[in-house]
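Please read the structure below before turning to the comments.
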There are 2 protein chains.
Amino acid sequence: MKTRQQAPIGRPRGFDADEALERAMRVFWEQGYEGASLTDLTSAMGITRTSMYAAFGNKEELFRKALERYTEGPAGYADRAMREPTARQVATAFLHGAVRANTRPGCPAGCLGVQGSLAAGEPGRNARDALIAWRNEGTARLGARFRRAVDEGDLPPDTDPAVLARYLMTVANGIAVQAASGATQEELKQVADMALRNWPPT
Amino acid sequence: MKTRQQAPIGRPRGFDADEALERAMRVFWEQGYEGASLTDLTSAMGITRTSMYAAFGNKEELFRKALERYTEGPAGYADRAMREPTARQVATAFLHGAVRANTRPGCPAGCLGVQGSLAAGEPGRNARDALIAWRNEGTARLGARFRRAVDEGDLPPDTDPAVLARYLMTVANGIAVQAASGATQEELKQVADMALRNWPPT
DNA sequence: CCTCTTCAGTACCGATCGGTTCAGAAGTGC
DNA sequence: GCACTTCTGAACCGATCGGTACTGAAGAGG
């Protein structure tokens with residue numbers, strides 16, 4: 001069999017799909033799912049509606065792909081935090097990463113996973129539900145990480161890892177709202193440090 | 001001069017404006033400003049578009065009035081918390097009130113002041129900015145309350161009341177996001193209690 | 001009863017929504 | 001060069017958006 005991994009028959013795409021997705025992600029991040037019209041999106045992506053539909057499916061799928069890109073890009077701090085050696089370091093890296101990602105100059109303030117769609121009308125329900133799942137998955141992964149920390153003796157044995165995870169995610173979500181309200185990086189850094197002050201002793 | 005405080009010339013209004021506003025508030029709370037169409041709103045209010053425009057102005061003013069009603073109704077816990085005698089009691093009442101208000105059965109989950117409009121397109125900017133101002137005013141009032149507490153010796157003199165206020169508002173905002181994600185009242189109560197654990201000693 | 005004012009409902013406004021169709025241009029493999 | 005495939009752009013789709021104009025009906029004051 002011929003493994004034609006690089007056989008793009010026909011006219012090749014005239015734009016950088018990665019770059020276009022990055023632009024779309026920004027628009028969703030800034031205006032939310034419902035607030036971002038196809039005109040907003042495609043004009044920011046520099047392509048026409050037809051090209052967008054051919055490359056990404058429809059608005060909903062474009063949003064999903066933008067969210068994936070967001071997860072691995074601006075929200076990549078979460079994955080990195082999870083790999084820190086101790087629970088305390090995980091928590092610190094997670095919150096500090098959230099503060100930085102939510103107040104990065106040149107990027108929209110806040111978190112796509114929060115303000116992308118928190119409440120929505122009927123046509124935006126799927127996007128909203130996708131974000132709910134996204135956030136809850138993050139909480140679950142934090143919980144799993146802290147459960148391991150309890151098992152390893154890195155956290156007191158009477159610690160409830162699920163509560164710890166939800167507490168951390170709650171503060172991160174709050175930081176996202178605060179960033180969207182105009183809070184500065186310094187202000188939120190202080191908030192994060194205060195939230196970490198009552199972390200259980202190792 | 002004739003003080004005609006009760007002289008409704010012409011045909012009186014055929015619906016209860018208060019009840020209608022309550023219904024509108026619920027729709028905004030559940031679907032957000034952009035996600036709530038005039039059709040959604042008026043059909044929930046039980047009146048026609050014409051009556052709505054005559055009674056409330058337009059969609060934006062209706063939203064503002066719904067927000068006022070929300071402030072004095074479901075979000076009334078904030079004002080009540082501010083009147084607690086000690087800073088610790090203020091903080092406790094504030095967070096516990098937020099948990100209860102964000103997970104009240106029969107009401108939409110979450111907080112109108114957060115999910116009403118966090119990110120929006122051009123036509124929803126005014127509503128979004130109104131909510132930003134609403135949240136920041138809450139933070140400022142918490143800050144003023146804690147500044148008083150420092151003056152009264154109720155908080156250590158080296159305490160920064162603004163940081164304390166922003167910390168509390170951040171946790172409350174996070175609780176709103178978590179409630180919108182499906183977190184239960186019990187789960188959020190645990191989060192609130194954990195957030196209160198590192199409160200400065202009186 | 002008559003007049004006046006405001007009500008309520010419908011039909012309608014231009015604009016925009018997300019999504020599609022179609023014609024033609026453009027690049028690739030033979 | 002030819003056949004084939006896919007891209008691009010614009011025109012267009014029905015539906016819905018927020019907001020109005022207009023027509024009568026209905027209550028209040030004289």
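Keep in mind it's a predicted model, so treat the numbers as computed, not measured.
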At a cut-off of 3.5 Å, list every protein nitrogen or oxygen paired with a nitrogen or oxygen from nucleotides 3-7 of chain C, distance to 0.1 Å.
| unit_1 | atom_1 | unit_2 | atom_2 | d |
| --- | --- | --- | --- | --- |
| dC7(C) | O2 | Arg11(B) | NH1 | 3.4 |

- Its contact letters, B for base, S for sugar-phosphate only and - for none at protein heavy atoms under 4.0 Å, make nucleotides 11-23 of chain C read ------SBBBB--
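Residues forming a side-chain hydrogen bond (donor to acceptor under 3.5 Å, both in side chains) with Glu152(B) (at least two apart in sequence, or on another chain): Arg148(B). Looking at residues two or more places apart in sequence or on another chain, you find a side-chain contact (heavy atoms from CB on, under 4.5 Å) between Ala75(A) and Tyr70(A), Tyr77(A), Trp134(A). Partners of Glu187(A) according to the side-chain hydrogen bond (donor to acceptor under 3.5 Å, both in side chains) rule, which considers only residues two or more places apart in sequence or in another chain, are Thr184(A), Arg166(B).
Rounded to 10 degrees, the angle separating the terminal axes of the helix from dC1(C)-dG30(D) to dC30(C)-dG1(D) is 10°, with each axis obtained from five end pairs.
In this structure, a donor-acceptor pair under 3.5 Å is absent between the side chains of Asn136(B) and Thr139(B). Looking only at atom types and distance, the side chain of Arg49(B) has no donor-acceptor partner in the side chain of Thr42(B) under 3.5 Å away.
Residues Thr170(A) and Val171(B) come closest through the heavy atom pair CG2-O, 3.8 Å. Scanning all heavy atoms of the two residues, the minimum distance from Arg64(B) to Ala130(B) falls at NH2-CB, 4.2 Å.
Partner of Cys111(B) under the side-chain contact (heavy atoms from CB on, under 4.5 Å) criterion, chosen from Leu131(B), Asn102(B), Asn173(B): Asn102(B).
More than 12 heavy atoms of other residues, nucleotides or ligands lie within 6.0 Å of CZ in Arg69(A), so this atom counts as buried by the packing criterion.
Within the 4.5 Å cutoff, the side chain of Arg26(A) has no heavy atoms near those of the Met45(A) side chain.
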